[in-house]
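Below is one structure, written out as structure tokens; comments come after it.
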Amino acid sequence: MKSIFSRTLWIALLALFSFASFNAQAHGYTLGKLKIHHPWARATVAGQPSGGGFLRIDNSGEADRLISAEADVSKAVELHSMSMDGEVMRMRKLDNGIELPAGQTVELKPGNLHIMFIELKAPLKEGSKFPLHLKFEKAGEIDVEVQVEAVGAAPMHH
Ligand SMILES: [Cu+2]
């Protein structure tokens with residue numbers, strides 16, 4: 001009797017946990033013809049001056065552009081690209097924002113396009129969330145929630 005009870009409890013806990021983690025991975029937003037998938041940021045360590053934010057945008061409509069991002073976690077928020085220059089990774093501020101071609105998917109991910117949180121007011125803690133305001137040229141504006149994930153989190157979220 002005792003072992004049946006504990007097994008049932010264990011299964012219930014497992015089910016709850018897997019639902020919770022599935023749920024945590026699956027957040028997404030719709031703004032007109034844009035679908036914004038899983039905004040997340042990498043956790044940072046104490047003293048780290050800046051952090052990166054990532055998300056995926058599916059654009060099923062006409063060409064649009066992500067103009068800017070705003071958040072309270074840092075003094076400034078910029079849109080950046082990253083590319084290899086020989087053996088050196090270089091980041092560049094995108095003054096014209098990030099292009100979202102008609103009918104295409106654009107993914108912001110580590111080592112590539114990203115949102116840069118510059119001069120963090122406090123470290124980004126794994127498991128926490130913070131609001132991010134996104135402005136698009138045509139689709140308008142939206143508030144999304146950014147999930148902070150482990151420093152070594154893989155760029156394979158959807
Ligand atoms: Cu950057």
Side-chain angles (χ1 to χ4, degrees), residues 18 20-158:
S18 29
S21 60
F22 171 77
N23 210 21
Q25 303 265 328
H27 74 305
Y29 305 83
T30 301
L31 178 66
K33 300 282 185 179
L34 302 179
K35 282 208 161 65
I36 300 157
H37 294 268
H38 194 66
W40 67 286
R42 267 184 174 160
T44 62
V45 295
Q48 193 176 324
S50 58
F54 315 97
L55 46 82
R56 196 184 89 207
I57 301 168
D58 295 337
N59 180 8
S60 61
E62 57 178 336
D64 204 337
R65 185 182 294 271
L66 173 59
I67 301 170
S68 68
E70 292 162 30
D72 280 339
V73 294
S74 60
K75 280 195 182 161
V77 183
E78 294 180 354
L79 301 173
H80 280 189
S81 67
M82 211 179 217
S83 56
M84 289 301 284
D85 177 7
E87 290 184 351
V88 186
M89 275 284 217
R90 290 202 194 280
M91 286 200 299
R92 201 160 53 87
K93 185 185 173 193
L94 298 168
D95 291 316
N96 295 321
I98 293 173
E99 274 186 60
L100 305 171
Q104 290 189 35
T105 291
V106 171
E107 188 158 18
L108 280 65
K109 57 187 177 185
N112 210 302
L113 294 168
H114 58 279
I115 297 165
M116 194 88 180
F117 303 106
I118 296 165
E119 288 192 59
L120 289 167
K121 296 172 184 170
L124 299 176
K125 281 213 175 94
E126 186 182 346
S128 67
K129 292 176 180 178
F130 63 88
L132 178 71
H133 188 75
L134 300 173
K135 273 189 195 161
F136 297 92
E137 196 173 70
K138 290 174 187 146
E141 309 183 16
I142 190 172
D143 287 307
V144 302
E145 201 162 58
V146 178
Q147 251 169 238
V148 181
E149 302 190 359
V151 175
M156 291 191 289
H157 300 275
H158 290 275

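We're numbering straight along the sequence, starting at 1. Order of listing sets the numbers, starting from 1, for every ligand and every atom in it.
In this pair, Trp40 and Phe54 present their aromatic rings tilted. The plane angle is within the 30 to 60° band.
With hydrogens and angles ignored, the 3.5 Å screen pairs a side-chain donor or acceptor of Arg65 with a backbone N or O of Asn96. Of the possible donor and acceptor atoms, none in the side chain of Thr105 sits under 3.5 Å from a partner among the backbone N and O of Asp58.
The nearest N, O or S atom of Met82 is not closer to the Cu ion (ligand 1) than 2.8 Å. For a distance bound of 2.8 Å, the N, O or S atoms of Ser50 include none lying that close to the Cu ion (ligand 1).
In His80, the N, O or S atom that comes nearest to the Cu ion (ligand 1) is ND1. Looking only at its N/O/S atoms, His114 has NE2 as the one nearest to the Cu ion (ligand 1).
Heavy atoms of other residues, nucleotides or ligands lying less than 6.0 angstrom from NZ of Lys138 number more than 12.
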